[in-house]
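Report on one structure; see the data block that follows.
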Amino acid sequence: MSPSRHSGYVPQDIEPKWQKLWADHGVLKAADDSPKPKFYNLVMFPYPSGPLHMGHMRNYVIGDVLSRFKRMQGFEVLNPMGWDAFGLPAENDAIKRGGGVHPEDWTRGNIAIAKRQLGIMGVLYDWDREVTTCDPSYYRWTQELFLLFHERGLAHRMMSPVNWCPVDKTVLANEQVINGRCWRHPDVEVEKRDLEQWFLRITQYADRLLDDLSLLDHWPEKVRVMQANWIGRSQGVEVEFPIDGHPAESMRIYTTRPDTLFGVTFMVLAPEHPLVEKLTVESRRNAVREVVEASRREREIDRMSSEVKRLGAPTGAFAVNPLNGEKVAIWVSDYVLITYGTGAIMAVPGHDQRDFEFASQFSLPVREVIAPPTGPQRDLDSAYTDHGVLVNSGPFDGLDNKTGAQRIADFIEQKGIGKRSVKYRLRDWLISRQRYWGCPIPVVHCEVDGIVAVPREDLPILLPREYKPLADNADFWRVKCPKCGREARRETDTMDTFIDSAWYFLRYTSAHYKTQPFDPELADHWMPVDQYTGGIEHAILHLLYSRFFQKVLHDAGRADAIEPFTRLFTQGMIKRGGMVMSKSKGNGVAPDDLVERDGADAARIYELFIGPPDEDAEWSDAAIAGPVRFLQHVWRLVESPDSFDATGPDIPDAVLRRRVHQAIRKVTEDYEGFHFNTAVAALMELANTLQKYLQGGGERDDDWHFAVRTLVLLLNPMAPHVGEELWSRIGGQGLAADAAWPDYDPLAAAESDVTLVVQVAGKVRDRLTVPVGLSEKMALELALGSERVRGALDGHAPSKVVYVPDRLINLVP
RNA sequence: GUCGGCGUGGCGGAAUGGCAGACGCGCCAGCCUUAGGAGCUGGUGUCCGGCUGGACGUGGAGGUUCGAGUCCUCUCGCCGACACCA
């Protein structure tokens with residue numbers, strides 16, 4: 001027998017009905033011209049790689065609850081959905097399945113599956129605004145935006161040592177290399193290759209991307225810190241070191257520690273630095289060449305590890321310290337990176353740990369120029385990197401090192417041997433990919449005209465249907481130069497898929513706009529996104545790129561907003577068996593099975609009740625019984641209140657009324673603050689109160705109807721099918737989805753009596769029921785009247801009384 | 001190594017510096033019965049006690065406070081991010 005038979009609640013009987021009604025009524029279709037205040041609610045769109053599981057679903061359930069809640073609160077909610085549909089998994093999976101499936105067919109098939117799954121979970125979107133990034137109607141605008149970046153000098157092609165994933169056979173952006181490995185293949189080491197590639201100049205926006213983090217005060221602190229660290233702004237000084245015997249050359253270094261300039265005992269060039277070839281003396285050539293070649297061969301993974309022994313060799317050349325005129329040896333080592341600063345450093349082993357280790361390994365001298373507050377150090381076994389007083393620093397001796405750094409920097413600038421300078425860890429964004437399933441870059445390479453942008457009227461550059469790398473598809477790349485008409489070659493790189501997702505939130509605001517990527521007026525109406533919800537794994541990549549795009553579009557006069565997402569919520573992952581739910585682990589729970597067995601509403605409530613939404617949660621197959629029983633309980637309360645025997649103590653109407661108002665307050669606050677787990681708990685308590693009321697012989701009077709009606713409305717965003725069904729059965733007007741959110745009356749929610757905790761020396765000795773707002777004098781009198789309190793005081797009079805009205809009185813003997 | 005987060009019953013978790021463990025899962029006892037994976041009632045941190053009750057208890061050690069899961073210092077463990085950025 002079905003467990004639902006006892007309550008009469010059969011989710012499968014009601015869910016399809018309401019899902020159809022919502023669709024027919026266009027619930028959650030966003031009106032561009034609504035007089036209501038707008039609320040742009042967005043969840044990160046999925047990559048359609050197969051059926052969704054309950055790990056993915058958490059995100060969409062949270063988003064749907066918020067949409068329904070905000071809608072009931074009177075907002076015009078924009079809640080769109082789409083598909084991040086270009087990318088390598090489509091190619092890889094298509095190949096894995098025998099090569100018979102085209103990436104596009106695979107992708108479209110997965111989209112259909114996911115869309116149906118969202119539907120049976122009762123998750124609503126404005127599907128009229130659906131975007132699919134692999135659709136020409138979308139990517140022609142991705143191409144148009146590329147041209148915009150190109151015109152603004154923000155897209156350029158250059159030769160660069162790049163990260164190459166040997167499995168995907170394509171390059172990766174810096175952000176996509178994790179511990180020297182491909183972000184999609186944790187067991188595959190990334191190789192270095194020199195290739196000519198397309199880049200977006202995100203570094204030009206480094207300052208603004210960093211500074212504007214301060215505007216994002218509704219973002220998790222954690223994400224802002226991660227972005228700030230990623231951008232990695234540092235302030236330092238560039239200094240020119242003359243080279244002994246090479247009057248035409250000089251060695252430019254960058255340091256954040258000008259206060260240690262007198263402690264330089266050697267210099268180091270990155271192996272790729274152009275000066276290496278010029279400066280190396282004949283006798284050192286072989287050793288230096290060995291270092292250069294070994295570091296080129298070196299796998300990225302080794303180079304990232306700080307445990308590894310350094311490669312190093314002296315060039316035989318010497319630099320002259322411009323501050324004290326000392327000659328110091330110039331070395332080559334792999335621990336200096338060509339990609340940061342000037343690719344050359346001054347080494348101060350006394351005060352930099354890396355320099356210290358290198359000096360130790362090669363027996364190079366160490367000099368102390370900053371004395372710790374405790375006095376000069378002897379027998380150094382590590383670099384001293386803290387603050388102190390300058391010593392061995394000529395005219396700067398005796399200064400504290402902070403002041404010293406400023407003075408020395410001033411001195412360098414006055415002498416014209418260097419200047420203050422700001423550097424970033426952030427690199428330009430490498431966007432070229434050499435595979436098939438991506439957005440073609442709309443340029444043509446002409447022998448005469450060079451790189452020629454495709455004219456806008458020729459967009460889109462369609463991805464050919466034939467599935468093979470574009471570079472192998474002559475029909476695709478054989479074109480005429482748009483400028484001179486000669487034979488030319490179309491660019492065969494496609495764009496990183498993170499570009500597709502860097503502007504999709506703008507396209508939603510006018511998904512069918514025909515003349516531009518988006519209608520500027522509608523974009524300005526809906527933007528910025530009021531609430532953005534997604535996984536923490538996008539804390540850097542997607543969110544940084546999207547912020548960059550928004551700023552460029554702002555600068556181009558196409559968008560008002562300078563930040564795309566006002567409020568960010570990063571939800572935790574769902575684990576099962578200790579591992580993140582995923583297709584590859586095979587531990588996913590299919591929403592289809594849950595819907596079939598327990599219904600969509602129970603599945604939704606369980607996902608919300610499982611724990612704080614910003615933390616990871618462990619899925620329990622058994623625990624969903626709680627939400628199932630809860631919904632049955634609510635159903636019985638509303639549908640057959642007479643089935644509860646009057647066997648318990650009386651609950652006065654006034655108490656019932658008060659509990660209902662308290663529940664409105666609590667649940668509203670919890671929805672606003674994303675505390676869905678405690679919102680569910682509060683509704684469970686309300687249901688328990690309603691039951692107690694019936695069991696106390698409570699009448700089906702106005703207070704009862706108010707309680708039932710409120711329970712249904714408060715529950716509706718989380719369990720919308722039950723909400724609609726019960727709403728219609730109790731005679732609610734229209735759809736519950738359209739009903740107004742209940743208001744609470746602070747007076748009605750206020751308790752008249754409170755429990756006053758009586759402590760003696762901080763230990764609870766009694767609890768008294770007292771009226772709200774009791775005076776301290778009365779409270780003390782009542783407390784002293786307690787037998788147990790007098791016993792605990794043991795005849796002493798309290799020397800101190802701490803009184804917190806309506807909460808506690810503490811008597812300290 | 002650096003930065004950040006988290007440690008609370010058998011489990012998921014709750015608690016503006018003020019009754020630790022709300023709510024739920026599980027478990028125990030009982031009731032009801034159309035015998036069920038249903039419903040209802042009560043119980044369920046540990047220890048002492050027949051009950052009233054008492055002692056202890058939020059990873060560990062200190063501290064601030066009348067009062068600390070909550071604030072501070074140190075420490076252990078787990079998780080995440082970054083990791084030669086000069």
Side-chain angles (χ1 to χ4, degrees), chain A residues 1-7 178-180 220-223 225-226 228-230 232-234 236 253-257 260 268 303-308 310 333-337 339-348 352-355 357-358 423-427 536-537 539-540 605-606 609-612 614-630 632-633 636 643-645 647-648 675 677-685 687-688 691 695 755-764 766-767 788 798-804 806-813:
Chain A
M1 187 190 294
S2 155
S4 356
R5 189 148 142 198
H6 292 273
S7 66
I178 294 151
N179 292 329
E221 172 72 13
K222 177 185 183 161
V223 175
V225 167
M226 283 168 74
N229 290 342
W230 187 262
R233 175 158 65 192
S234 82
I253 60 95
Y254 173 73
T255 179
T256 54
R257 293 295 304 275
T260 62
V268 189
R303 191 141 177 197
M304 304 282 271
S305 162
S306 40
E307 319 276 288
V308 162
R310 319 279 188 218
S333 172
D334 61 336
Y335 88 94
V336 175
L337 306 175
T339 47
Y340 185 78
T342 58
I345 63 153
M346 63 178 209
V348 185
D352 181 283
Q353 190 58 25
R354 296 154 302 184
D355 296 344
E357 280 161 21
F358 190 79
K423 301 281 180 203
Y424 301 92
R425 213 190 74 113
L426 185 71
R427 307 285 201 273
I536 185 76
E537 66 272 19
I540 294 173
I605 298 256
Y606 178 55
F609 189 55
I610 195 166
D614 53 338
E615 287 173 30
D616 290 352
E618 176 72 25
W619 184 271
S620 154
D621 293 314
I624 193 172
V628 170
R629 289 204 271 259
F630 165 60
Q632 288 171 352
H633 192 195
R636 264 185 80 209
S643 67
F644 293 90
D645 298 332
T647 52
H675 305 298
N677 53 329
T678 50
V680 174
L683 290 175
M684 286 173 168
E685 283 184 89
N688 292 343
Q691 178 179 327
Q695 289 175 331
T755 302
L756 185 73
V757 172
V758 185
Q759 297 183 335
V760 175
K763 285 191 191 294
V764 179
D766 206 353
R767 299 182 174 93
R788 271 181 263 161
S799 65
K800 178 171 182 177
V801 177
V802 180
Y803 181 54
V804 184
D806 301 338
R807 279 193 181 273
L808 154 149
I809 184 162
N810 188 9
L811 312 180
V812 187

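In the text below, chain A, chain B and the rest are named by the order of the sequence lines, each starting its count at 1.
Between S333(A) and F358(A), the shortest heavy-atom distance links the atoms OG-CE1, 3.4 Å. Closest non-hydrogen pair, A347(A) versus D355(A), comes out as CA-OD2, 3.3 Å. In plain terms, the two heavy atoms of I610(A) and W619(A) that are nearest each other are CD1-CA, 3.9 Å. In this structure, T255(A) and M346(A) approach most closely via the heavy-atom pair OG1-CE, 3.5 Å. For the pair I605(A) and P627(A), the tightest heavy-atom approach, listed with the atom from each and the gap, is CG2-CB, 3.7 Å. Closest approach of L811(A) and P798(A) over heavy atoms only: CB-CB, 4.0 Å.
C72(B) and G12(B) are spaced 31 Å apart, taking the C1' atom of each and rounding to whole Å. Across the P atoms, C23(B) and G43(B) are found 11 Å apart, a figure rounded to whole Å. For the C1' atoms, the distance linking G26(B) with G9(B) amounts to 12 Å, nearest Å. Here, G45(B) and C11(B) have their P atoms 13 Å apart, quoted to the whole Å. For the P atoms, the distance from C76(B) to G60(B) is 15 Å, rounded to whole Å. Between the P atoms of U16(B) and A83(B), the separation comes to 37 Å (whole Å). Of the P atoms belonging to A15(B) and A22(B), the separation is 12 Å, rounded to the nearest Å. On the C1' atoms, G63(B) is 15 Å away from U70(B), given to the nearest whole Å.
Regarding contacts with the backbone of C56(B), a side-chain N or O of K763(A) is found under 4.0 angstrom from either OP1 or OP2. Regarding contacts with the backbone of G4(B), every side-chain N or O of K222(A) stays at 4.0 angstrom or more from both OP1 and OP2. Using a 4.0 Å cut-off, no side-chain N or O of Q759(A) falls inside it from OP1 or OP2 of U65(B).
Going from atom CD1 of I253(A) over to atom CD1 of I345(A) covers 8.5 Å, rounded to the nearest 0.5 Å. One distance of note links CG of D352(A) with CD of E357(A); it measures 9.0 Å at 0.5 Å rounding. Here the CG atom belonging to L756(A) is positioned 7.0 Å from the CG atom belonging to L808(A), to the nearest 0.5 angstrom. Within the model, atoms NZ of K222(A) and CE of M226(A) stand 6.5 Å from one another, a figure rounded to the nearest 0.5 Å. I536(A) CD1 to E615(A) CD: the interatomic distance, rounded to the nearest 0.5 Å, is 12.5 Å.
The base-pairing partner of A15(B), taking Watson-Crick or G-U wobble contacts with both distances under 3.5 Å, does not exist among the strands shown. The partner of C51(B) is absent, by the rule that a Watson-Crick or G-U pair needs both atom distances under 3.5 Å. Taking a pair to require two hydrogen-bonding distances under 3.5 Å in either a Watson-Crick or a G-U wobble arrangement, A20(B) remains unpaired. The partner of G10(B), taking Watson-Crick or G-U wobble pairs whose two distances both stay under 3.5 Å, is C25(B). Summarising the base pairing, G4(B) is matched to C79(B) through a Watson-Crick or G-U wobble pair whose two defining distances lie under 3.5 Å. Using Watson-Crick or G-U wobble geometry with both donor-acceptor distances under 3.5 Å, G67(B) finds no partner in any strand shown. Look at U33(B): its Watson-Crick or wobble partner, with both distances under 3.5 angstrom, is G36(B). Under the Watson-Crick or G-U wobble criterion, with both distances below 3.5 Å, G45(B) is paired with C56(B).
Not counting sequence neighbours, the partners of R233(A) by the salt bridge (Lys or Arg N to Asp or Glu O under 4.0 Å) test are D207(A), D211(A).
Distance N229(A) CG to G80(B) P: 18 Å, rounded to the nearest Å. Distance OH (Y340(A)) to P (A83(B)): 13 Å, rounded to an integer number of Å. Remark: P of C3(B) and CZ of R425(A) are 16 Å apart, rounded to the nearest angstrom. To the nearest angstrom, C1' of U41(B) lies 13 Å from NE2 of H633(A). Put simply, CG on N810(A) is 18 Å from P on G17(B), counting in whole angstrom units. Between L811(A) atom CG and G67(B) atom C1' the separation is 13 Å, expressed in whole Å. Between Q695(A) atom CD and C40(B) atom P there is a gap of 8 Å when expressed in whole angstrom units. Computed from coordinates, the M684(A) CE to C25(B) C1' distance equals 10 Å when rounded to whole Å.
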Each nucleotide N or O in nucleotides 9-14 of chain B that has a protein N or O under 3.5 Å away: list the pair and distance.
residue : atom : partner : partner atom : Å
G12(B)  : O2'  : I610(A) : O            : 2.6
A14(B)  : OP1  : N677(A) : ND2          : 2.9

Between the protein and nucleotides 44-52 of chain B, which nitrogen or oxygen pairs come in under 3.5 angstrom?
none

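Taking the side chain of D352(A) as heavy atoms from C-beta on, and the options C23(B), U41(B), A86(B), the nearest nucleotide is A86(B). If you check C84(B), C82(B), A22(B) against the side chain of E685(A), the one that comes closest is A22(B). Here the side chain of D334(A) is nearest to one of A22(B), C84(B), U16(B), namely C84(B). The R629(A) side chain lies nearest to A38(B) when the options are C23(B), C66(B), A38(B). Across C40(B), G18(B), C23(B), the shortest atom-to-atom separation from the side chain of N688(A) is found for C23(B). Closest approach to the A681(A) side chain among A81(B), A86(B), C23(B) is made by C23(B) (side chain taken as heavy atoms from C-beta onward).
The base of C19(B) is not paired with the side chain of R807(A) by any donor and acceptor separated by under 3.5 Å.
G9(B) has its base syn relative to the sugar, with a glycosidic angle deviating from 0 by at most 90°.
Using cut-offs of 30° and 60° on the angle between ring planes, the pair Y340(A) and Y254(A) is perpendicular.
D355(A) comes within 4.0 angstrom of nothing in the nucleic acid, heavy atoms only. Nucleic acid contact for S620(A): none, since no nucleic acid atom lies under 4.0 Å from a heavy atom of the residue. When heavy atoms are screened at a 4.0 angstrom cut-off, E537(A) is found touching no nucleic acid atom at all.
If you find the closest nucleotide of RNA chain B to M346(A) and to T755(A), the one lying nearer the 5' end belongs to T755(A). A residue-by-residue look at V802(A) and L808(A) shows that L808(A) has its nearest nucleotide of RNA chain B further toward the 5' end.
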